[in-house]
Amino acid sequence: MCGRARCSLRADDIPRAAHRGGQPSRTIDLDRYRPCYNFSPGWNMPVVRRDENSDGDDYVLHCMKWGLIPSFTKKNEKPDHYKMFNARSESINEKASFRRLIPKCRCLVAVEGFYEWKKDGSKKQPYYIHFKDGRPLVFAALYDSWKNLEGEIIYTFTIVTTSSSPSLQWLHDRMPVILGDKESTDKWLGGLSSSKLDTVLKPYAEPDLVWYPVTPAMGKPSFDGPECIKEIQLKKEDKNMISKFFTRKEIKKEEEAKGQEKSSHHDSVETDVHTSFKGEPKVEDCNEFSSPTDKSDVAKHLDDATGQGQVKRDYKEFSTDSDQGTYQTNVTQTSPLKKKREVKSNEDKQPTLFAYFTKS
């Protein structure tokens, strides 16, 4: 939105600021104009409009009140200039208050800059926005006339707004439509068809539009003078809030990139670990066959491979040729299960081949 502006230009400088050549065909109510550093809705400002009595490029310099009062407003109704001081470009073709004004009631508003507030909780910090080289800004606007109960005809206007440019989104989501050159002002005043309005009603995204913080005192409409546009130094924490806006997207992109990198690395490690373990024997298998001289392991292997009777006979033959003490120690430390099996084999009274040959 645009609710405050600076226009300290002389009245005769307004046409040149709006890219109009020559002299206006008429001037209306210019005596009501007072240059001001802090214009707000309800104040009189000079605007440039086409001369409805002329078919050429003649224009009129007309002082009007900022804040549109539609002509169909009741005569006994108290005008509210804050109700329609802006008109959204996206809906001017839809709302009756603006749609009927597009064909013949367009005008230009020349100012030196405008103000916008940055909200931070309950705090509001104003910023002054202007061209870097100091040239005036020209806004697209619509005007209308209304007759009050006393029979006085009052001309009012509204400034057309659009979405903010990328460089100003940190401050506000809306900005006035700035017509940056003569071509765009000619199109707006020259009766450009409604279907082509998008070519001029767009955000001004050039880098020559700059801003800086100013005193919160100018929030009062009565506060006027050069102090309104004097740059102030913000606290460090306030500056950080602004810088955070510009770096937020970059930080988010970096975090996403790092997250993807970590995820890729994790997947790679998992794949490598899985592959390396896939080719290795299980832990329990390694313990079971780690040493070919481990008598208990051999015994277990024999138990799994042959029948119960044949295993016992082979086992006794093997134990006779081996070191009895070492074998018993290995059995005790390695597998209680095999010790149990050994006890069971001692109780088994089945004759063996070894016993048979002994009897013989």
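Only this structure's heavy atoms are used, side chains among them; waters, hydrogens and symmetry mates stay out.
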Query raised in the report: Does the side chain of His62 come within less than 4.5 Å of Asp29's, by heavy atoms?
Result: yes

Practice task
Decide if atom CD of Glu231 counts as having more than 12 heavy atoms of other residues, nucleotides or ligands within a radius under 6.0 Å.
Solution key: yes

Here the gap from Leu142 atom CG to Arg100 atom CZ, rounded to the nearest 0.5 Å, amounts to 10.0 Å

Ionic contact status for Arg34 with Asp224, cut-off 4.0 Å: no

Notebook entry, point to check: Any link between Trp146 and Met45 through a network of hydrophobic side chains (Ile, Leu, Val, Met, Phe, Trp, Tyr) touching at under 4.5 Å?
Noted result: no

Review point. Do Pro203 and Met175 have side-chain heavy atoms sitting under 4.5 Å apart?
Key: yes

Worksheet item: How are the rings of Tyr127 and Trp170 set relative to one another: parallel (under 30°), tilted (30 to 60°) or perpendicular (over 60°)?
Response: perpendicular

Tell me if the centroids of the rings in Phe131 and Tyr204 come within less than 6.0 Å of each other.
yes

- prompt: Taking the side chain as C-beta and beyond, is there a heavy-atom pair between Ser25 and Tyr59 under 4.5 Å?
  reply: no

Donor-acceptor side-chain pairing of Thr185 and Trp188 below 3.5 angstrom | no

Arg49 and Cys107 have their tightest heavy-atom pair at CB-CB, 4.0 Å

Q) Within the side chain of Arg106, is there an N or O that forms a donor-acceptor pair under 3.5 Å with the backbone of Ile102? A) yes

side-chain contact (heavy atoms from CB on, under 4.5 Å) evaluation trace for Thr73 with Asn148
CA-CA 9 Å; Thr73 304; Asn148 61 18; over 6 Å; no

Residues Asp186, Lys182: salt bridge by 4.0 Å N-O rule:
yes

Exactly one of Trp211, Tyr115, Trp117 clears ring pair (Phe, Tyr, Trp, His ring centres under 6.0 Å) with Tyr128, and that residue is Tyr115

Do Lys75 and Lys147 come within less than 4.5 Å of each other through their side chains, counting heavy atoms only?
yes

Are Arg174 and Glu90 within salt-bridge range, i.e. N to O under 4.0 Å?
-> yes

Scanning both residues in full, the closest heavy-atom pair of Cys2 with Thr161 reads N-CG2, 4.5 Å

When rounded to the nearest 0.5 Å, the distance separating CZ of Arg32 from CE of Met64 is 11.0 Å

Practice item. Report yes if the side chains of Ile14 and Cys7 come closer than 4.5 Å at any heavy-atom pair, otherwise no. Key: yes

Is the His130-Tyr212 ring centre distance short of 6.0 angstrom? yes

Margin query: Tell me whether the count of non-hydrogen atoms from other residues, nucleotides or ligands lying under 6.0 Å of CG in Asp12 goes above 12.
Written below: yes

Going by an N to O cut-off under 4.0 Å, is there a salt bridge joining Arg135 and Asp208?
yes

Joint cluster assignment, Ile69 & Val160, ILVMFWY side-chain distance < 4.5 Å:
no

Is Phe39 linked to Tyr82 within one hydrophobic cluster, defined over Ile, Leu, Val, Met, Phe, Trp and Tyr using a side-chain heavy-atom separation of less than 4.5 Å? yes

For Ser164 and Gln169, the nearest pair of non-hydrogen atoms, with its separation, is O-NE2, 3.8 Å

Just so I know, are the side chains of Phe139 and Ile178 near enough to count as touching, which here means a heavy-atom distance under 4.5 Å? yes

Let me see the working for Ile159 and Trp66 under side-chain contact (heavy atoms from CB on, under 4.5 Å), right down to the final yes or no. CA-CA 8 Å; Ile159 294 174; Trp66 183 8; 3.7 Å; yes

Heavy-atom closest pair (Ser184 atom, Val200 atom, distance to 0.1 Å) is O-CG1, 4.2 Å

I'd like to know whether Lys123 forms a salt bridge (Lys or Arg N to Asp or Glu O under 4.0 Å) with Asp120, so could you lay out the CA-CA distance, the side-chain angles of the two residues, the decisive distance to 0.1 Å, and finally the verdict. CA-CA 5 Å; Lys123 295 172 58 179; Asp120 182 15; 5.1 Å; no

Where the side chain of His81 meets the backbone of Gly67, is there a donor-acceptor pair that is under 3.5 Å apart?
-> yes

The reported gap from NZ in Lys202 to OG in Ser89 (rounded to nearest 0.5 angstrom) is 12.0 Å

Query raised in the report: Do the side chains of Leu61 and Val48 get nearer than 4.5 Å, heavy atoms only?
Result: yes

message: For residues Val60 and Tyr33: do they belong to one hydrophobic cluster (side chain heavy atoms under 4.5 Å, members Ile, Leu, Val, Met, Phe, Trp, Tyr)?
response: no

Verify the distance criterion only: is there a donor paired with an acceptor across the side chains of Arg99 and Ser194 at less than 3.5 Å? no

Rounding to 0.5 Å, atoms CG (Leu189) and CZ (Arg50) come to a distance of 7.5 Å

Test side-chain contact (heavy atoms from CB on, under 4.5 Å) applied to Tyr37 and Arg6, step by step: CA-CA 4 Å; Tyr37 283 81; Arg6 171 200 174 191; 3.5 Å; yes

Note: Leu30 and Ala11 closest approach over all heavy atoms is CD1-CB, 4.3 Å

The reported gap from CG in Leu168 to CG in Leu209 (rounded to nearest 0.5 angstrom) is 6.0 Å

Quiz item: Between Arg4 and Asn38, is any pair of side-chain heavy atoms under 4.5 Å apart?
Solution: yes

Rounding to 0.5 Å, atoms CE (Met84) and CG (Asp80) come to a distance of 9.5 Å

Mind checking whether Leu179 and Leu9 sit in one hydrophobic cluster, side chains of I, L, V, M, F, W, Y counted as touching below 4.5 Å? yes

No-hydrogen, no-angle side-chain donor-acceptor test under 3.5 Å, Arg88 and Thr162:
no

Q: Salt-bridge test for Asp51 and Arg26: reply yes if a basic N is under 4.0 Å from a carboxylate O, no otherwise.
A: yes

What one should report as the nearest heavy-atom pair of Asp144 and Pro70 is OD2-CA, 3.5 Å

Between the side chains of Glu112 and Arg10, is the shortest nitrogen-to-carboxylate-oxygen separation below 4.0 Å, so that they form an ion pair? no

Thr199/Leu197 under side-chain contact (heavy atoms from CB on, under 4.5 Å): CA gap, chis, key distance, verdict:
CA-CA 5 Å; Thr199 60; Leu197 289 178; over 6 Å; no

